[in-house]
Amino acid sequence: MEPVVELKHITHVYVSDREASLALDGLDLQVYPGEFVSLVGPSGCGKTTLLSIIAGLMKPTKGEAFVYGRKVDGPTAEVGYMLQQDYLFPWRTIFENASIGLELTGRLDQEHLARTGALLEEMGLSDARNLYPQQLSGGMRQRVALVRTLTTDPGILLLDEPFSALDYQTKLQLEDLIAGTLREKNKTAVLVTHDLSEAAAVSDRVIVLGSRPGKIRKSFDVPEHIRSARPLLAREQTGFNELFHDIWREMESAGDKE
Ligand code: ADP
Ligand code: MG
């Protein structure tokens with residue numbers, strides 16, 4: 001099977017007038033169609049840099065990134081990006097926020113608008129379509145952000161700590177909803193999170209990065225019976241705690257290396 005995301009020897013150096021810092025060092029990664037991969041690692045190990053390179057928002061200093069076999073050369077509609085902050089516009093209604101991607105890509109037609117409505121409904125937001133962001137809870141706002149990302153139908157979703165600003169209960173519910181939605185729609189996803197239990201519960205594969213410079217330390221395949229369970233139930237499966245502890249130990253030694 002051809003990977004949908006492929007990174008070949010990616011090295012990234014940030015240069016300022018005072019210093020140069022090596023964020024990523026010769027990193028290789030393949031993500032396959034429909035896979036849900038999580039990236040975990042100490043703060044500053046290059047996770048956001050990696051997603052920005054896949055999204056085409058940043059050119060790596062060395063190495064090449066491919067999406068669907070084509071070399072990444074700027075952002076494309078095939079890749080959706082979701083962040084911790086939702087960046088909803090306060091002066092636009094929920095529906096207007098959700099459909100902004102369509103507006104920017106010139107697809108504000110009946111078919112796409114109907115799909116936006118359907119997605120809002122799927123996310124339990126039908127009653128909120130004419131409200132404004134400040135009238136919504138954090139969890140609802142992240143659901144709007146997901147709808148906005150999905151309206152343009154990207155095959156790949158990059159998620160940079162989208163749940164980390166939410167309270168625990170909301171976070172669990174949202175993990176369940178988002179992971180379920182992405183699987184059902186057969187999306188490929190790369191999630192950055194600092195929550196190891198979240199990574200183990202939603203992913204097919206958990207990749208631990210080490211820092212300074214950022215490199216892949218170890219990749220954990222999540223056992224079939226855990227990955228096929230919904231995130232909320234995955235945590236109760238046999239072997240989940242062992243997997244969590246294995247990832248935890250790897251993370252601890254990743255931090256030691258600083
Ligand atoms: P993570 O998302 O894993 O916390 P980042 O990808 O944001 O890590 O950052 C990786 C490293 O690169 C860090 O040491 C960070 O300080 C540095 N860095 C990130 N963005 C910039 C930037 N715009 N200019 C200079 N250094 C940066
Ligand atoms: Mg980051």
Inset, instruction - I would like to know whether Arg107 and Thr152 meet side chain to side chain donor-acceptor pair (under 3.5 Å); could you show each step before the answer? - result: CA-CA 8 Å; Arg107 281 182 278 186; Thr152 49; 4.9 Å; no
Inset, instruction - Take Thr238 and His225 through the side chain to side chain contact (heavy atoms under 4.5 Å, CB included) test and state the conclusion after the steps. - result: CA-CA 9 Å; Thr238 22; His225 71 284; 4.0 Å; yes
Inset, instruction - Kindly determine whether Ser99 and Leu108 satisfy side chain to side chain contact (heavy atoms under 4.5 Å, CB included), including the steps that lead there. - result: CA-CA 8 Å; Ser99 53; Leu108 266 188; 4.3 Å; yes
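With sequence neighbours left out, Ile216 forms a side-chain contact (heavy atoms from CB on, under 4.5 Å) with Leu27, Leu29, Ile207, Leu209. Residues satisfying the side-chain contact (heavy atoms from CB on, under 4.5 Å) test with Thr61, not counting sequence neighbours, are His12, Val13. Take Thr149 and apply the side chain to side chain donor-acceptor pair (under 3.5 Å) test, not counting sequence neighbours, and it matches no residue. When the side-chain contact (heavy atoms from CB on, under 4.5 Å) test is applied to Lys71, the partners found at least two apart in sequence or on another chain are Glu64, Phe66. Residues passing the side-chain contact (heavy atoms from CB on, under 4.5 Å) test with Tyr132 are Thr93, Gln134, Gln135, sequence neighbours excluded.
Counted by atom type alone, Arg217 and Ser253 present one or more donor-acceptor pairs between their side chains at under 3.5 Å. For the residue pair Thr193 and Glu161, no side-chain donor N or O sits within less than 3.5 Å of a side-chain acceptor on the partner.
Follow the hydrophobic side-chain contacts under 4.5 Å out from Leu157 and you never reach Val192; the two are in separate clusters. In the hydrophobic cluster analysis, where Ile, Leu, Val, Met, Phe, Trp and Tyr join through side-chain heavy atoms closer than 4.5 angstrom, Val37 is grouped together with Ile53. In the hydrophobic clustering of this structure, Leu150 groups with Met140; members are Ile, Leu, Val, Met, Phe, Trp, Tyr whose side-chain heavy atoms approach within less than 4.5 Å, directly or through other members. Side-chain heavy atoms closer than 4.5 Å link hydrophobic residues (I, L, V, M, F, W, Y) into clusters, and following such links, possibly through other members, connects Val190 to Val72.
Taking CD of Glu236 as the reference point, atom CG of Asn241 lies at 10.5 Å (rounded to 0.5 Å). Note that CZ of Arg141 and CG of Asn97 are 8.5 Å apart. Values are rounded to the nearest 0.5 Å. Taken from OG in Ser38 to CZ in Arg205, the straight-line distance is 10.5 Å, to the nearest 0.5 Å. Separating the CG atom in Leu233 from the CZ atom in Arg230 is a distance of 6.5 Å, to the nearest 0.5 Å. A distance of 9.5 Å separates OG1 of Thr48 from CD of Gln84, quoted to the nearest 0.5 Å. Expressed to the nearest 0.5 Å, how far CD1 of Ile226 lies from CG of Asp204 amounts to 12.0 Å.
Residue Trp91 belongs to a hydrophobic cluster whose other members are Phe89, Ile100, Leu104, with links defined by side-chain heavy atoms closer than 4.5 Å.
For the pair Leu177 and Arg143, the minimum side-chain heavy-atom distance is below 4.5 Å. Taking the side chain as every heavy atom from C-beta outward, Tyr87 and Met82 never approach each other to under 4.5 Å. A heavy-atom distance below 4.5 Å is not found between the side chains of Leu172 and Phe163. Counting only heavy atoms from C-beta outward, the side chains of Ile54 and Tyr81 never approach each other to under 4.5 Å. Using a 4.5 Å heavy-atom cutoff, the side chains of Thr49 and Tyr14 are in contact. Residues Pro60 and Ile10 meet the side-chain proximity criterion, which asks for heavy atoms closer than 4.5 Å. The side-chain heavy atoms of Gln173 and Asp176, taken from C-beta on, include no pair separated by under 4.5 Å.
The two residues Thr181 and Met123 make their nearest non-hydrogen contact at OG1-CE, 3.2 Å.
No salt bridge links Glu96 with Arg148; every basic N to acidic carboxylate O contact stays at or beyond 4.0 Å.
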